[in-house]
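Note that these values count all heavy atoms, side chains included, but never hydrogens, waters or copies made by symmetry. Just follow the structure's listing: the first ligand is 1, and inside any ligand the first atom is 1. Note that the structure is predicted; figures quoted are calculated from it, not measured.
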Amino acid sequence: MTRIHNLGFPRIGARRELKFALEGYWKGERSRDELLQTGAELRQRHWQAQQGLDLIPVGDFSFYDQMLDMSFTLGNLPARVQGFAGDELDNYFRVARGRSAQAHAECCGGVAAGEMTKWFDTNYHYIVPEFTADTCFTLNPRRLLDQLSEARTAGIKAKPVIIGPVTYLSLGKVKDDSNPLALLEQLLPVYAELLEALAQQGVEWVQIDEPILVTDLSETQQAALEYSYATLRNSEVKLLLTSYFGQLQDNLPLVARLPVAGVHLDCINARNEVAELIERLPSDRVISLGVINGRNIWKSDLTALLDWLEPLAAQLGDRLWLAPSCSLLHVPVDLNSEDQLDADVRSWLAFAVQKLDELRVLGRALRSGRDSVTAELAENRQALESRRTSPRVHNPAVRDAVAALKPALGERRSPYAARAAVQAARLQLPAYPTTTIGSFPQTAEIRQARRQFKAGELSAVDYRKAMEAEIAHCVREQEALELDVLVHGEPERNDMVEYFGEQLEGYAFSRFGWVQSYGSRCVKPPILFGDISRPTPITVEWSRYAQSLTNKPMKGMLTGPVTILNWSFVRDDQPRADSCRQLALAMRGEVLDLEKAGISVIQIDEAALREGLPLRQSEWKDYLDWAVESFRITANGVADETQIHTHMCYSEFNDIMQAIANMDADVITIETSRSDMELLDAFDHFQYPNEIGPGVYDIHSPNIPDQAQMVELMRKAAERVPAERLWVNPDCGLKTRQWPEVTPALRNMVAAAQALRAAS
Ligand code: GLN
Ligand code: ZN
């Protein structure tokens, strides 16, 4: 009989209870006991929500991050936090968040936080394990065993979840850059001990996550996998080797060979590999198929799934398990909280709780026949049919426009050199022109005005007045600072993607659709459900107003199509590339409207372009092709004398230089201050032909950079890029900073530019 199980449940809580408990504890407003209590309640509630499944994950709950949990379980604490006298949970938070040197001068002297990075291709960030060549591991199974006994008491059929040794080591960093896999020898005995401890508690199955299996593996990594699972094969628990986020591809034969009791495959991405996996796996192995999408928010097509699964169930019998494709960590908790969502759209969606309902229906159908779930299947079919045929989803005019796209739409009229001359004549900028990335501090007053406006307490007219007052203030400040290209400051934007999504046709917004990004931080991605169009101009009035206040160029400020796409929940009924082209056409309209309104400089932010890179290198070209094409469609319809800027807030460009050059923006501003301008080497080697604004001041820190520091950074930049193509600007937007930090920092920045001009 088919078994159903889950790989992980969102831990943040339907109302973000964990977030508030954590932040309250960190601020000293709640006791540790209260925090622990919230954790225990959430675990209970989430286990109850998973009742009816044959196996329920335990250990997936975390106070910060599952990788950091693993580091603590394996006794791998960075040297700087070892020997801490206080509570272990506090030490855990010290690694997670760091402690500032100033605030802790009297006690511990402060501690640097662990580095944080993206978990595969998701928007979740984990704390990177740190190793040295002589790291020792010692087992600390307390957290896992405690959660296990809690689950047992609650009558839960528990399946502990851990991260596998090869993924754990591969995602870590060795201080001296040696190979972390060399630590396997020391690490595996601790894993063996952990499995032994679980076996002693009567655990039958352990889910061991090795998502590294969906990436391009080196020979060393492959050998490490063989060696690890050969070493752990004698353990008394059964291992479910779990891959997710992609296909196994070349790694499939390896996976099929490993001596584990079962294998989980992500069938959203790798359904084409199921047959081969079944064929290769020895006949006593369990095959867990991840058939419900753990990364999106759409209902599954249950009838189609059953058409596919019924013969497999007949063939595999007890060996067939069903699950979501990956942990449900990456979707919101419960659609039932959404009382204000458009009824049509709502009927097409499934969040974590609803996805488990789908799983239960599949399980029941396979065990007792489809007749046992007739009503559920009928309802599911009806919802899918309504989505398939809804005029809200399908807009023939948009489809026609995308079908008619021609490469010429993405071409500027003249090459960069010719444009640069026309723009210089129009804009009359000095050498080393200064500008900012767009946002200025989002003050409490701004946020309050927005809240009141949304709650209907502030009229549209008064809200506009309040925002215009902010814009006017921003412009006055920038003029006083003698910046060269001004911005309006983005006070009217809650978020650079949500703001545009709210004004585009084809987007919906949830109230509680939060997904953990890292620690207590969550994002609420907008839901792109239909063909995208722009009913009216979005930013033009704000930009026109801001420009009316100054004779200096006022930069129009937009979010690019790739970033809007990558930070949304997207459609599963058409390729991402198609959705991106629709967004590109809509945003192109906005660019052209800004130009018509007399805006001479337009910035199109592509903050998330790089993070959309696929996990497999073989897929990069295709992604970059359509991503760059989309940007070009958005940006390049303007006349030569309109200057296009783009901004990217990260500092790795080596792999994507050609794509960046193909975007052909007149000016690109990037994050560089923390890399000491070394990242400009990539631009130098590539002989990047257009203008560059390497960030000279780290906006993530409250420190006020001094003039000499910034002059020095620009000198380094000028060794790599000809000075006449350099701009001077901060690393990113200033919205998270306070005015008392921003004003002196920008004053120093402008003084640095003036010093450079005087010296040249
Ligand atoms: N224009 C945006 C801002 O200044 C850019 C933000 C970003 O790149 N993340 O806030
Ligand atoms: Zn940025």
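The residues lining ligand 1, counting any heavy atom closer than 4.0 Å, are Ile437, Gly438, Ser439, Glu490, Met496, Met557, Asp605, Ala607, His647, Cys649, Cys732, Gly733.
In this structure, the side chains of Met677 and Val696 come closer than 4.5 Å at one or more pairs of heavy atoms.
The ring-ring contact (aromatic ring centres under 6.0 Å, His included) pairs that include a residue from residues 667-706 are Phe653-Phe683, Phe683-Tyr688, where partners are two or more places apart or lie in different chains.
Distances from the Zn ion (ligand 2) under 2.8 Å pick out these protein N/O/S atoms: His647 NE2, Cys649 SG, Cys732 SG.
Side chains of Gln582 and Asp578: a donor-acceptor N/O pair is absent below 3.5 angstrom, by distance only.
By the side chain to side chain contact (heavy atoms under 4.5 Å, CB included) test, Glu502 pairs with Lys454, Asn494, Glu498, Phe509, sequence neighbours left out.
The environment of Arg757 atom CZ is dense: over 12 non-hydrogen atoms of other residues, nucleotides or ligands sit within 6.0 angstrom. By the neighbour-count criterion of 12 heavy atoms within 6.0 Å, atom NZ of Lys465 is sparsely surrounded, having that number or fewer from other residues, nucleotides or ligands.
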Practice prompt. Please test Glu678 against Lys716 for salt bridge (Lys or Arg N to Asp or Glu O under 4.0 Å), starting from the C-alpha separation and ending with a verdict.
Written response: CA-CA 8 Å; Glu678 269 165 26; Lys716 287 190 178 149; over 6 Å; no
Worksheet item: Could you walk me through whether Arg419 and Asp666 pass the salt bridge (Lys or Arg N to Asp or Glu O under 4.0 Å) check?
Response: CA-CA 8 Å; Arg419 296 181 330 242; Asp666 296 300; 2.9 Å; yes
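A side-chain contact (heavy atoms from CB on, under 4.5 Å) with Asp605 holds for exactly one of His645, Met648, Met496; it is Met496.
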